[in-house]
Each structure stands twice: as C-alpha cells, then as structure tokens.
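Have a look at the structure below, then the notes.
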Amino acid sequence: MRLKQAVRQATGLSCSIGVAPNKLLSKICSGLEKPDGLTVLDPVEIPSRIWPLPVRKINGIGPKATDTLAAMGIITIAGLARAEPILLKTHFGLSYAEWMLRAANGVDERPVITRADPKSISRETTFERDLHPRHDRAVLSGVFTALCSRVAQDLMRKGYYCRTVGIKLRYDDFRTLTRDRTLPVPTADPAVIRRAAGECLRHVPLERKLRLLGVRTSTLTSSAAPDTADQSGQRELALGTTGTGANRREAARGN
DNA sequence: TCTGGGGTCCTAGGACCC
DNA sequence: TCTGGGGTCCTAGGACCC
C-alpha cells in the first residue's frame, strides 16, 4: 500500500500490484483487480484463485499457444496443470512443455533482475504508403541510411558497439523477413553499419512493394572494450594464426 | 482488435573446430 | 585418411512481451 501511495504521489497515477511468491504469479495477480488493485496471493490459494483462470493469463502463453491448447481441450490453467506431459511435449517441444507445466503449477525460480544490458538495438519504420524498391529507390535509400544513422546514434549514446548488423523487411502482403551479417570487429560507425546493412539488402528479393524497413544491431559489447582500427588489425592476424572458427569463415568468404 | 516500434528468447540447420 | 562425437558460431524465423 505504501508503494501504491508512492507511485500516486510521484505520478498522480494509480497502479495495480500483485504480491506473490514469484514473478510469474505476481504478474498474474497484478492483473486480477485492475484498476488500482492490490492482490496478495498465498501459495495455498493457487488451486482456488489461479487454476480457474484461462491459460492466456500466463505471461509467455500467447495467441498461438492458446489456440493450440484450446484445440487439445485445454482452456484453464487447471487443465494445463493436469495435462499429460507427453501430449504437451509432442505439440510444443520438450522445453516449452516443461515450462508450461511448471508455470501452471505456480513454479517459477527466476530471480528478480532490475537492470540488464540490452541484447539488441534497432530502428524501424512503416511507410505511409508501400514503396517499391525500384520506383521509389531514392526515397528508400534515404530512409535506409537515416535508420542506420539513428541506430549508430543510439549505440553511441548508450555506450555500445555492435558486431552483428541486420535488416528487417515487411512486404505489402505482411510477410516479414530478416537478414544479418556479423562483422570481424565491433562498431558504432554509421558508415560501417550502412555498408553491412546494404550487404544484407543484396540477399533479399526486391520485387514486391515494401511496407516496413528496419535496421537492427546485436552481439553488443559495452564501450569498455572497443577495438581501434589499429588493434583490430593485429587481433585479426592473431586470430588467423590461432585459427578460430569465425576467422576462418571470414577467410573462406574472401574477407 | 489491430497496428507500430521496440525488445527477448528459442529452435534449427549449416559450417567449422578439436 | 576417414569417421564420429561434442561443441561453438552464424543465420533465419517464429512466438511472445510491453
């Protein structure tokens, strides 16, 4: 209640809170008495308060899994908790099936983490009208370069370098595809990112109109350990002589 | 309920290494 | 020289979340 008061004082907003033995149950509980709710769950109440809920309430079970479960006759969390493990496994694979069963039984051992480094940084945009790769080439090229610049700015502002650069395309029929390339050396340089993204673009069909274009960077390292151009040359050489997989593959591709 | 812009995690195949 | 097992990295796509 003090937390709710503090939020209201700081923001003027109400909030709903779930107090439970773990993150999974807290998340479910936080939604049970919206708006301005405060739900406290004792583990012994799992059968009475959690099991009657639809499976969709579990954070991690989305539209697809909900549909598949419904087709198996499983609607509630109770039904999921009782489900035959082998049956779940055939539909969802071992690890997701095991996770589902644990979740349905209120088991969740994940630690609370309040801060984590990002895994990827990206920018994307949907056009006001679908653009054709050939007829609207100039516009697309400008947008593409701008996206690369914004991603590079984001990287620099947040203090990261990326080693993998990728693109995302959505066609006018809503099909989405991605391509990515991994660089030998981490970078936050807009020109290097633009070149790598352009390379990705060459490996994609460009006959249809495009609805969306995006640029993504991943395999991030923090600013603590960037390679300067000079050092990277030496590092390349050293890797070449010791023979890591990555370096040999680069060599095989003619880099 | 749909769309948009940002993310995370998982799976799977291929290439390559020891 | 070949085969096999175990492992990593890269790439692509899908499900899911806010």
Side-chain angles (χ1 to χ4, degrees), chain A residues 13 15-16 18 23-24 26-28 30-31 34 54-70 88-100 102-103 108 110-111 113-130 143 146-148 150-151 153-155 157-158 160 162-186 196-197 199-205 210-221 239-255:
Chain A
L13 299 171
C15 65
S16 294
K23 296 206 289 185
L24 176 95
S26 296
K27 173 64 176 162
I28 294 175
S30 72
K34 277 178 180 290
V55 291
R56 188 69 171 82
K57 293 285 182 188
I58 293 175
N59 194 272
I61 296 184
K64 298 279 185 178
T66 299
D67 286 352
T68 306
L69 287 169
L88 288 177
K89 205 176 94 178
T90 58
H91 281 88
F92 297 101
L94 180 60
S95 105
Y96 195 52
E98 286 181 341
W99 170 80
M100 274 179 161
R102 285 196 305 273
D108 175 23
R110 291 171 302 161
I113 298 168
T114 53
R115 192 197 172 278
D117 283 325
K119 309 288 184 192
S120 67
I121 291 175
S122 65
R123 288 285 183 167
E124 63 186 63
T125 186
T126 299
F127 309 123
E128 289 190 21
R129 63 174 179 87
D130 299 340
V143 170
L147 286 169
C148 292
R150 291 188 68 180
V151 168
Q153 283 167 23
D154 291 343
L155 284 169
R157 183 162 36 80
K158 297 177 180 177
Y160 291 101
C162 70
R163 210 158 76 76
T164 303
V165 176
I167 60 167
K168 173 178 171 182
L169 261 61
R170 180 122 73 208
Y171 294 109
D172 56 357
D173 62 359
F174 234 84
R175 276 184 307 126
T176 305
L177 60 75
T178 63
R179 292 291 181 270
D180 59 51
R181 287 290 173 271
T182 297
L183 306 166
V185 174
E199 180 64 29
C200 293
L201 208 50
R202 276 200 281 278
H203 293 263
V204 121
L210 297 176
R211 175 186 178 86
L212 171 151
L213 187 57
V215 174
R216 194 175 97 103
T217 59
S218 55
T219 325
L220 305 181
T221 52
L239 286 172
T241 51
T242 54
T244 68
N247 205 57
R248 291 218 184 142
R249 273 192 298 282
E250 290 306 321
R253 274 195 226 113
N255 280 348

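Scope of the values below: all heavy atoms of this structure, side chains included, with no hydrogens, waters or symmetry mates. A, B, ... follow the sequence lines: proteins, then strands. Residue 1 opens every chain.
- An OP1 or OP2 oxygen of B:dG6 is reached within less than 4.0 angstrom by no side-chain nitrogen or oxygen of A:Ser120.
- Note on A:Lys27: only backbone sugar-phosphate atoms sit closer than 4.0 angstrom, heavy atoms only; bases stay farther off.
- Between the side chains of A:Thr164 and A:Thr182, at least one donor N or O lies within less than 3.5 Å of an accepting N or O.
- When the side-chain nitrogen and oxygen atoms of A:Arg211 are compared with OP1 and OP2 of B:dG4, one or more of them lie within a distance under 4.0 Å.
- For the 3.5 Å distance criterion, the side chains of A:Thr176 and A:Arg170 qualify, holding a donor opposite an acceptor.
- Proximity of A:Arg179 to the phosphate of C:dT11: no side-chain N or O atom is located under 4.0 Å from OP1 or OP2.
- Side-chain N/O atoms of A:Arg123 include none lying less than 4.0 angstrom from OP1 or OP2 on B:dG5.
- A close approach under 4.0 Å does occur between a side-chain nitrogen or oxygen of A:Ser95 and OP1 or OP2 of B:dT11.
- Close to B:dG7, at under 4.0 Å from its OP1 or OP2, lies a side-chain N or O of A:Ser122.
- OP1 or OP2 of C:dC10 has at least one side-chain nitrogen or oxygen of A:Arg163 nearer than 4.0 Å.
- For A:Leu147 and B:dG4, the CG to P distance is 15 Å, given to the nearest whole Å.
- Scanning DNA chain C for stems, defined as runs of 3 or more consecutive Watson-Crick or G-U wobble pairs whose donor-acceptor distances all fall under 3.5 Å, gives the following ranges: B:5-18 with C:5-18.
- Phosphate contact (OP1/OP2 of B:dG5, side-chain N/O of A:Thr126, threshold under 4.0 Å): present.
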